[in-house]
Amino acid sequence: MKQLGSAKGWGWRRCLLAAALAGSMGLYGCSTQVLGSMAAAAMASSQAADSQARAEQQADAERAGDATPMLGQETQASYLQVVAELQRKSLWYAALAHLDALEQRWGVSDTSRLLRADALRQTGQFQDSERLYRTLQSGSQAARAAHGLGLLAAAQGQYREAVAQLQAARRLSPTDALLLNDLGYALLHTPQARDARLPLMQAVQLQPAQRRILSNVAVYLLLFGKDQEAAQWMQQHQMGAPLRQQVFQQAQQLEVLQRTPELALPPPLPAAASIPGTTAVAQQGAPS
């Protein structure tokens, strides 16, 4: 493998990637009358702002309502599915409210504790989230609790701790593609970055259509100097220009981190939470 390059090398590498990807890129004192007019305009502006706020509030309510069962017809299992659906829509605060209602009616379960821990993590309530995850480490949700603890550590820039927790989770759930992806992502932020290849390739073959996994493979290739292979990978999987730019910038940041490990970079969220959408992939190759 090619050794990590210097920061100055990124300029021509960017040009090389741009050329390789060019075929897939698209060009992307007043009178009373005046005072009255001013008052009317101010009122109209206020009414417009109020209407917009009400419309946004209604849209949020409809998004949450789409997942809510008819009152009186839900069971504990169906209500847990409601909360899970709210979380898939990133409605974390609404999920917490529904968890309160669920637990008042049916009591606390391992599943409701896990969903609450996830929601608390996503809303920045890290201490409460960690406390709940740790109560689940010996139960039926142990793998997902360790996964959550790993994501908590990564969100705070503690990647060594994140790797330890995610490896523990992998031992309990070795075929969870998103877990493997998160482990690979965390490894890229440590001196063991080369070890990210195995979990990333396992993840991409288990879920070959996940954009967030595909993008992390591209980051790995760029980080270790496989520019041409990275360009082919991004073109093959039809990554748009914004996502390619994000991948390139992340690889550049990670190269700086690998050369100067004492440098504290701002802790980005794991790619599992930040890379948009999925698209179908026609063929899946495995980079070397």
Side-chain angles (χ1 to χ4, degrees), residues 49-136 140-141 143-156 162 165-166 169 173 176-179 181-182 185 207 209-213 215-216 242-243 246 267-279:
D50 183 66
S51 297
Q52 181 178 356
R54 290 179 182 276
E56 291 173 353
Q57 182 178 2
Q58 178 65 24
D60 288 343
E62 290 174 355
R63 288 176 66 204
D66 288 343
T68 305
M70 294 181 64
L71 293 176
Q73 296 184 9
E74 71 272 13
T75 63
Q76 183 179 17
S78 68
Y79 213 138
L80 287 169
Q81 292 176 354
V82 166
V83 175
E85 180 62 22
L86 290 171
Q87 293 191 350
R88 279 191 289 271
K89 295 179 178 181
S90 297
L91 297 173
W92 302 104
Y93 292 100
L96 286 170
H98 278 285
L99 281 167
D100 289 341
L102 182 149
E103 291 178 346
Q104 286 176 7
R105 184 169 180 180
W106 287 288
V108 177
S109 66
D110 283 355
T111 302
S112 71
R113 276 202 295 265
L114 176 68
L115 292 172
R116 184 179 293 277
D118 289 342
L120 290 170
R121 171 173 55 82
Q122 292 284 357
T123 54
Q125 302 175 73
F126 290 165
Q127 291 184 344
D128 290 339
S129 176
E130 179 179 358
R131 178 181 54 80
L132 281 178
Y133 281 136
R134 293 199 181 279
T135 67
L136 297 167
S140 61
Q141 302 289 353
R144 290 189 60 185
H147 190 179
L149 287 170
L151 293 177
L152 263 179
Q156 299 172 83
Q165 292 291 348
L166 293 170
S173 184
D176 184 333
L178 296 183
L179 165 60
N181 174 68
D182 291 339
Y185 180 90
Q207 288 197 19
Q210 275 284 359
R211 299 293 277 184
R212 53 198 178 187
I213 300 175
S215 67
N216 280 342
L243 182 54
Q246 183 180 353
L269 291 176
S274 62
I275 300 295
T278 61
T279 59

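Source: prediction; values computed, not measured.
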Tell me, do H98 and L91 make a side-chain contact under 4.5 Å, heavy atoms counted? no
Rounded to the nearest 0.5 Å, what's the gap from CG on L99 to CG on L115? Could you check? 6.0 Å
What distance separates R121 CZ from L132 CG, expressed to the nearest 0.5 Å? 12.0 Å
Is there a side-chain contact between R212 and L178 in this structure, where contact means two heavy atoms from C-beta onward sitting under 4.5 Å apart? yes
Of all heavy-atom pairs linking R144 and Y133, the shortest is O-CE2, 4.3 Å
Tell me if a side-chain donor or acceptor on Q165 pairs with a main-chain N or O of A153 at a distance below 3.5 Å. no
Within this structure, what is the CG-CG distance for the pair L80 and L102, rounded to the nearest 0.5 Å? 5.0 Å
Residue among Q81, K89, Q87 satisfying side chain to side chain contact (heavy atoms under 4.5 Å, CB included) with E85: K89
Distance-only side-chain donor-acceptor flag, R105 / Y79, under 3.5 Å: no
Heavy-atom closest contact (S140 atom, D110 atom, distance): OG-OD2, 3.6 Å
From L136 atom CG to R131 atom CZ, the distance as rounded to the nearest 0.5 Å: 10.5 Å
From the list L179, L152, L114, D118, side chain to side chain contact (heavy atoms under 4.5 Å, CB included) with H147 holds only for L179
Between the side chain of S173 and the main-chain N/O of A169, is any donor-acceptor distance below 3.5 Å? no
Rounding to 0.5 Å, atoms CG (L166) and OH (Y185) come to a distance of 12.0 Å
What I'd like to find out is whether the side chain of D100 reaches to under 4.5 Å of the side chain of R116, using heavy atoms alone. yes
Search all heavy atoms of A154 against all heavy atoms of A162 and return the closest pair with its distance. N-CB, 3.8 Å
Rounded at 0.5 Å granularity, tell me how far CG in L120 sits from CZ in R113. 13.0 Å
How about E130 and R134: do any of their side-chain heavy atoms sit closer than 4.5 Å? yes
Using atom types as modelled and distance alone, determine if a side-chain donor or acceptor of S78 lies under 3.5 Å from a backbone N or O of E74. no
